[in-house]
Amino acid sequence: MSIRRAGLAAHRRIFQQTRRAFSKEVAKVDEAAAMPPPKPKQSTLSQRFTAFLCGVGLTGAVGYVTLRRDIYEASEGVENNIKVLHNDVLMATSKIAEVEARMSKLESKLQSLENK
């Protein structure tokens, strides 16, 4: 017997052991196992569009809140800077008034000394 025939004979024995050929008994087949699994339903265009709009809406809401908070913080910073500048202007104005009063006193003393 050649090697090829021996291989075929071994193959036939394995095949016959795993397969019931010409069986008189009817094998009970589970209908659920015999049916192929159902294909997953494809999403429709409206479902995709709805999901897209939900994503856009959520992103827009988060962006709006973030932008609003940033603008509020920036406006508070600008208001604080304006208050500081206002106080600086008031202090400068009062110093200018003091210097003008002192200068007017010195001018009056100078005129009184010139008149003598």
Side-chain angles (χ1 to χ4, degrees):
M1 190 184 248
S2 71
I3 297 175
R4 185 172 181 195
R5 285 187 183 179
L8 287 174
H11 178 66
R12 283 186 197 140
R13 272 191 310 246
I14 293 171
F15 184 75
Q16 287 175 354
Q17 290 172 358
T18 58
R19 182 172 172 231
R20 295 180 53 171
F22 304 108
S23 175
K24 302 241 179 194
E25 293 179 18
V26 177
K28 293 182 180 177
V29 177
D30 189 14
E31 290 181 18
M35 295 182 69
K39 292 182 180 179
K41 188 176 181 182
Q42 294 288 331
S43 59
T44 62
L45 181 63
S46 63
Q47 290 172 336
R48 292 179 183 183
F49 192 65
T50 303
F52 173 75
L53 288 180
C54 289
V56 167
L58 182 64
T59 304
V62 169
Y64 171 75
V65 169
T66 304
L67 182 64
R68 184 173 181 222
R69 186 183 66 226
D70 288 347
I71 290 173
Y72 181 73
E73 290 173 358
S75 67
E76 279 184 343
V78 169
E79 286 178 4
N80 290 336
N81 287 339
I82 289 172
K83 287 177 184 177
V84 168
L85 288 174
H86 179 71
N87 291 337
D88 289 346
V89 168
L90 289 178
M91 285 176 38
T93 305
S94 66
K95 285 185 181 181
I96 290 172
E98 289 175 4
V99 169
E100 285 180 352
R102 188 171 168 210
M103 192 171 69
S104 66
K105 283 183 184 178
L106 290 173
E107 284 177 351
S108 66
K109 282 185 182 179
L110 181 64
Q111 279 185 349
S112 66
L113 287 174
E114 285 180 357
N115 288 341
K116 285 188 180 181

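- Through direct or indirect side-chain contacts shorter than 4.5 Å among Ile, Leu, Val, Met, Phe, Trp and Tyr, Leu113 is connected to no other residue.
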With a 3.5 Å cut-off and sequence neighbours excluded, list the donor-acceptor pairs that the side chains of residues 84-96 form with protein atoms.
residue: Asn87; atom: ND2; partner: Lys83; partner atom: O; Å: 3.4
residue: Thr93; atom: OG1; partner: Val89; partner atom: O; Å: 2.7
residue: Ser94; atom: OG; partner: Leu90; partner atom: O; Å: 3.4
residue: Ser94; atom: OG; partner: Met91; partner atom: O; Å: 2.8

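- A search for side chain to side chain contact (heavy atoms under 4.5 Å, CB included) contacts involving Glu73 returns Arg69, Asp70, not counting sequence neighbours.
- Considering only residues two or more places apart in sequence or on other chains, Ser46 meets the side chain to side chain donor-acceptor pair (under 3.5 Å) condition with Thr44.
- Applying the side chain to side chain donor-acceptor pair (under 3.5 Å) test to Tyr72 and every residue at least two apart in sequence or in another chain returns Glu76.
- With sequence neighbours excluded, the residues that form a side chain to side chain contact (heavy atoms under 4.5 Å, CB included) with Ser43 are Gln47, Arg48.
- The hydrophobic cluster containing Leu45, built from Ile/Leu/Val/Met/Phe/Trp/Tyr side-chain heavy atoms closer than 4.5 Å, comprises no other residue.
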Using a 3.5 Å cut-off and no angle test, enumerate the donor-acceptor pairs between side-chain atoms of residues 99-106 and protein atoms at least two apart in sequence or in another chain.
residue: Ser104; atom: OG; partner: Glu100; partner atom: O; Å: 3.4
residue: Ser104; atom: OG; partner: Ala101; partner atom: O; Å: 2.7

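- Hydrophobic cluster membership of Leu110, counting Ile, Leu, Val, Met, Phe, Trp and Tyr whose side-chain heavy atoms lie under 4.5 Å apart directly or via other members: none, as it forms a cluster of its own.
- Scanning for side chain to side chain donor-acceptor pair (under 3.5 Å) contacts around Ser112 gives an empty result, with sequence neighbours left out.
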For a quick test of your reading: what N or O donor-acceptor pairs under 3.5 Å do the side chains of residues 53-68 make, sequence neighbours left out?
residue: Thr59; atom: OG1; partner: Gly55; partner atom: O; Å: 2.8
residue: Thr66; atom: OG1; partner: Val62; partner atom: O; Å: 2.9

